[in-house]
Number of protein chains: 2
Amino acid sequence: MALRHAVLAALLDEELSGYQLAKSFRLGVANFWHAQPQQLYVELTRLEKDGLISGREVVQESRPNKRVFTVTDAGRAELEYFTAAVAKPSVIRDDLLVKVYSADHVDSDILIVLLAERVESARDKIELIGELLRTLRGDRTEEEFLRRGERVGPYLTGLRGLAFEQGNLEWCERAIAVLTQRQADRDNHA
Amino acid sequence: MALRHAVLAALLDEELSGYQLAKSFRLGVANFWHAQPQQLYVELTRLEKDGLISGREVVQESRPNKRVFTVTDAGRAELEYFTAAVAKPSVIRDDLLVKVYSADHVDSDILIVLLAERVESARDKIELIGELLRTLRGDRTEEEFLRRGERVGPYLTGLRGLAFEQGNLEWCERAIAVLTQRQADRDNHA
DNA sequence: AATTACATGTAACGTGTTACATGATTCG
DNA sequence: CGAATCATGTAACACGTTACATGTAATT
């Protein structure tokens, strides 16, 4: 059981449809849990069947109808139970790092291009999370919000995501510099 | 295909047995790819069957015999092909962050304990990676090593892992401070 | 007119985790 | 004498990804 709790957490403050949930995953939740929209629909079905969330149909005009979900008491209990259990170590999987690990055996040019692309996507992500955080805290300062605001949970995880992407950015730039330098040295030598 | 390339990358510089590979994953590779030892044995079998690595039996006295593996030319080609392909965005999954996301709805005491545990494991990890990096660079300075050393790939990914764990550490401490503060405020109010 | 956003699902397949299974040797 | 290290695997199950499948409405 895994995605299950991420979904429950995402539905705690807001009643969401599968589609909106997917959006929420792309933004906030993605900082610590990835899921394809399709997987979310499957999970929502399961959670409802297990009585941890309950759905209700919302009729819309000029938009397809949708089903929105809220966490039930049983769902809240499940989340509390989950929270009390020991946290498994975090899982990371990153293609790009696999490639960099092989740096001494593969073409550096390609790596530099891929690293530069990652720099760009990190920048975008930083921008996005920045907006999310601004929205959450409104016109309060961060200090003030963290002290008295509602929804510090999402804010804190947002901060982690932000730091992660900044780490990505800095590391990618460093890696590009190193690989470029080595390439220049090698060329001079030849 | 996923773990497959991480294994190939890990076997590039060194001939390793399944057991040693598992160790290598716990240390260096774990910074960007997680795998259970069991999974590695399965993957090694598959890779050998596909001709991407080749194994040879090493007879040992006073230790069980083992099979060590090297990457074949086909394996190297496969890695190069993989490297040239676009990198998928990195995947993160972290139980602890799911819990913190729910911070406004669950017991903070538990969260603080879990965060403190994570601080400890981050410290351990930082220690471990530090040693790994020192081993890799020998008596050279980092600058010097990155410029002229062999095996900069593993070194660079090590640096990323280090920064990641330091980010973890700082963030956990911040989160603990925030949650503690809020709890104190709430108690004073009551 | 085309693209993006809204809206929801199923089926096949690939991947990963956990539990099960075994056994020798070394270190504290 | 018990725990950790060395050493390798299988089987059942859980989880996740990709491809397939469909259709309306708003925006550019």
Side-chain angles (χ1 to χ4, degrees), chain A residues 1-7 15-27 29-30 32-50 53 55-69 82 85-95 98, chain B residues 1-7 15-27 29-30 32-50 53 55-69 82 85-95 98:
Chain A
M1 312 285 162
L3 173 58
R4 130 162 314 208
H5 300 107
V7 171
E15 198 177 35
L16 298 172
S17 67
Y19 189 83
Q20 294 172 310
L21 184 64
K23 237 181 165 176
S24 176
F25 262 71
R26 243 188 314 161
L27 277 172
V29 183
F32 54 89
W33 209 276
H34 276 263
Q36 247 56 48
Q38 289 93 332
Q39 185 66 12
L40 294 176
Y41 286 110
V42 173
E43 199 58 45
L44 285 170
T45 307
R46 262 207 285 263
L47 281 164
E48 193 180 26
K49 196 195 68 197
D50 296 345
I53 60 175
R56 99 190 145 77
E57 182 90 12
V58 173
V59 180
Q60 300 183 111
E61 30 182 270
S62 93
R63 286 233 178 285
N65 294 347
K66 59 183 175 183
R67 304 201 63 215
V68 294
F69 298 90
F82 165 74
V86 291
K88 290 187 205 157
S90 60
V91 171
I92 306 189
R93 299 214 159 94
D94 195 334
D95 271 17
V98 174
Chain B
M1 315 286 164
L3 173 59
R4 126 163 317 208
H5 300 108
V7 171
E15 198 179 33
L16 298 173
S17 66
Y19 190 83
Q20 295 172 309
L21 184 65
K23 238 181 165 176
S24 176
F25 263 71
R26 244 188 313 161
L27 277 172
V29 183
F32 54 89
W33 208 276
H34 276 261
Q36 248 56 47
Q38 289 93 332
Q39 186 66 12
L40 295 177
Y41 286 109
V42 174
E43 199 60 44
L44 285 171
T45 307
R46 263 207 283 260
L47 280 165
E48 193 180 24
K49 197 195 69 198
D50 295 347
I53 61 175
R56 95 191 148 78
E57 182 90 10
V58 173
V59 179
Q60 300 183 112
E61 29 183 270
S62 94
R63 287 235 176 283
N65 294 346
K66 60 183 176 182
R67 307 200 63 216
V68 293
F69 299 90
F82 165 75
V86 290
K88 291 186 202 156
S90 62
V91 171
I92 306 189
R93 298 212 160 97
D94 194 334
D95 271 18
V98 174

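Below, chain A is the first sequence line, B the second, and so on; all start at residue 1. Just so it is clear, the structure is predicted and the values come from calculations on it, not from any experiment.
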Engineer: Whole angstroms only, please: what is the CZ-C1' distance between A/Arg46 and C/dT10?
Structural biologist: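 It is 13 Å, rounded to the nearest whole Å.
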Engineer: Relative to the 5' end of DNA chain D, which residue comes earlier, B/Val68 or A/Trp33, by the nucleotide with the nearest heavy atom?
Structural biologist: B/Val68
Engineer: Figure out the OH/P separation between A/Tyr41 and D/dT22, and round it to whole Å.
Structural biologist: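 Whole-Å distance recorded here is 17 Å.
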Engineer: OP1 or OP2 of C/dA7 less than 4.0 angstrom from a side-chain nitrogen or oxygen of A/Gln60, does that happen here?
Structural biologist: yes
Engineer: Select base, sugar-phosphate, or nothing to describe what B/Arg93 touches, counting heavy atoms under 4.0 Å on all strands.
Structural biologist: sugar-phosphate
Engineer: Measuring to OP1 and OP2 of C/dG16, would you say a side-chain N or O of B/Gln36 lies under 4.0 angstrom away?
Structural biologist: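 No, no such contact exists.
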Engineer: Let me know the distance between CG of B/Asn65 and C1' of C/dT25, rounded to the nearest Å.
Structural biologist: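 In whole Å, C/dT25 C1' and B/Asn65 CG are 14 Å from each other.
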Engineer: Provide, to the nearest angstrom, the distance between the CD atom belonging to B/Glu57 and the C1' atom belonging to D/dC6.
Structural biologist: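 Going from B/Glu57 (CD) to D/dC6 (C1'), I get 14 Å.
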Engineer: It should be established whether B/Tyr19 places a side-chain nitrogen or oxygen under 4.0 Å from OP1 or OP2 of nucleotide D/dT8.
Structural biologist: no
Engineer: Between B/Thr45 and B/Tyr41, is there a donor-acceptor pair closer than 3.5 Å when you use the side chain of the first and the backbone of the second?
Structural biologist: yes
Engineer: Name the residue from B/Arg56, B/Arg67, B/Arg4 that meets the salt bridge (charged side-chain N to carboxylate O under 4.0 Å, His left out) definition with B/Glu48.
Structural biologist: B/Arg67
Engineer: Of the non-hydrogen atoms in A/Val68 and A/Val58, which two are nearest, and what is the gap between them?
Structural biologist: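 Taking A/Val68 first and A/Val58 second, the nearest heavy atoms are CG2-CG2, 3.7 Å.
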Engineer: What is the distance from CD of A/Gln39 to P of D/dC20, rounded to the nearest Å?
Structural biologist: 18 Å
Engineer: Considering only C/dG16, D/dA7, D/dG23, which nucleotide approaches the side chain of B/Ala2 most closely?
Structural biologist: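 Of the candidates, C/dG16 comes closest.
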Engineer: Determine whether a donor-acceptor pair (N or O, by modelled atom type, separation under 3.5 Å) exists between the side chain of B/Gln39 and the backbone of B/Gln36.
Structural biologist: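 Looks like no, no N/O pair under 3.5 Å.
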Engineer: Identify whether any heavy atom of B/Gln38 sits under 4.0 Å from a base atom; if not, whether one sits that close to sugar-phosphate; answer base, sugar-phosphate or nothing.
Structural biologist: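 It contacts base atoms.
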Engineer: Round to the nearest Å and state the distance from A/Arg26 atom CZ to C/dC6 atom C1'.
Structural biologist: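 Result: 11 Å.
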Engineer: Specify the separation, in whole Å, of atom NE2 of B/His5 and atom P of C/dG14.
Structural biologist: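 It is 15 Å, rounded to the nearest whole Å.
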Engineer: With DNA chain C as reference, determine whether A/Val91 or B/Arg63 sits nearer its 5' end, using the nearest nucleotide of each.
Structural biologist: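 Looking at DNA chain C, the more 5' nearest nucleotide goes with A/Val91.
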Engineer: Quick one: is C/dT26 close enough that its OP1 or OP2 comes under 4.0 Å of any side-chain N or O from B/Ser62?
Structural biologist: yes
Engineer: Report yes if at least one side-chain N or O of A/Lys23 is closer than 4.0 Å to OP1 or OP2 of C/dA7; otherwise report no.
Structural biologist: no
Engineer: Could you state the atom-to-atom distance from CG of B/Leu21 to P of D/dT5 in whole Å?
Structural biologist: 18 Å
Engineer: How far apart are the C-alpha atoms of A/Asp95 and B/Val86, what are their side-chain angles, what is the distance that settles it, and do they pass the side-chain contact (heavy atoms from CB on, under 4.5 Å) test?
Structural biologist: CA-CA 9 Å; A/Asp95 271 17; B/Val86 290; over 6 Å; no
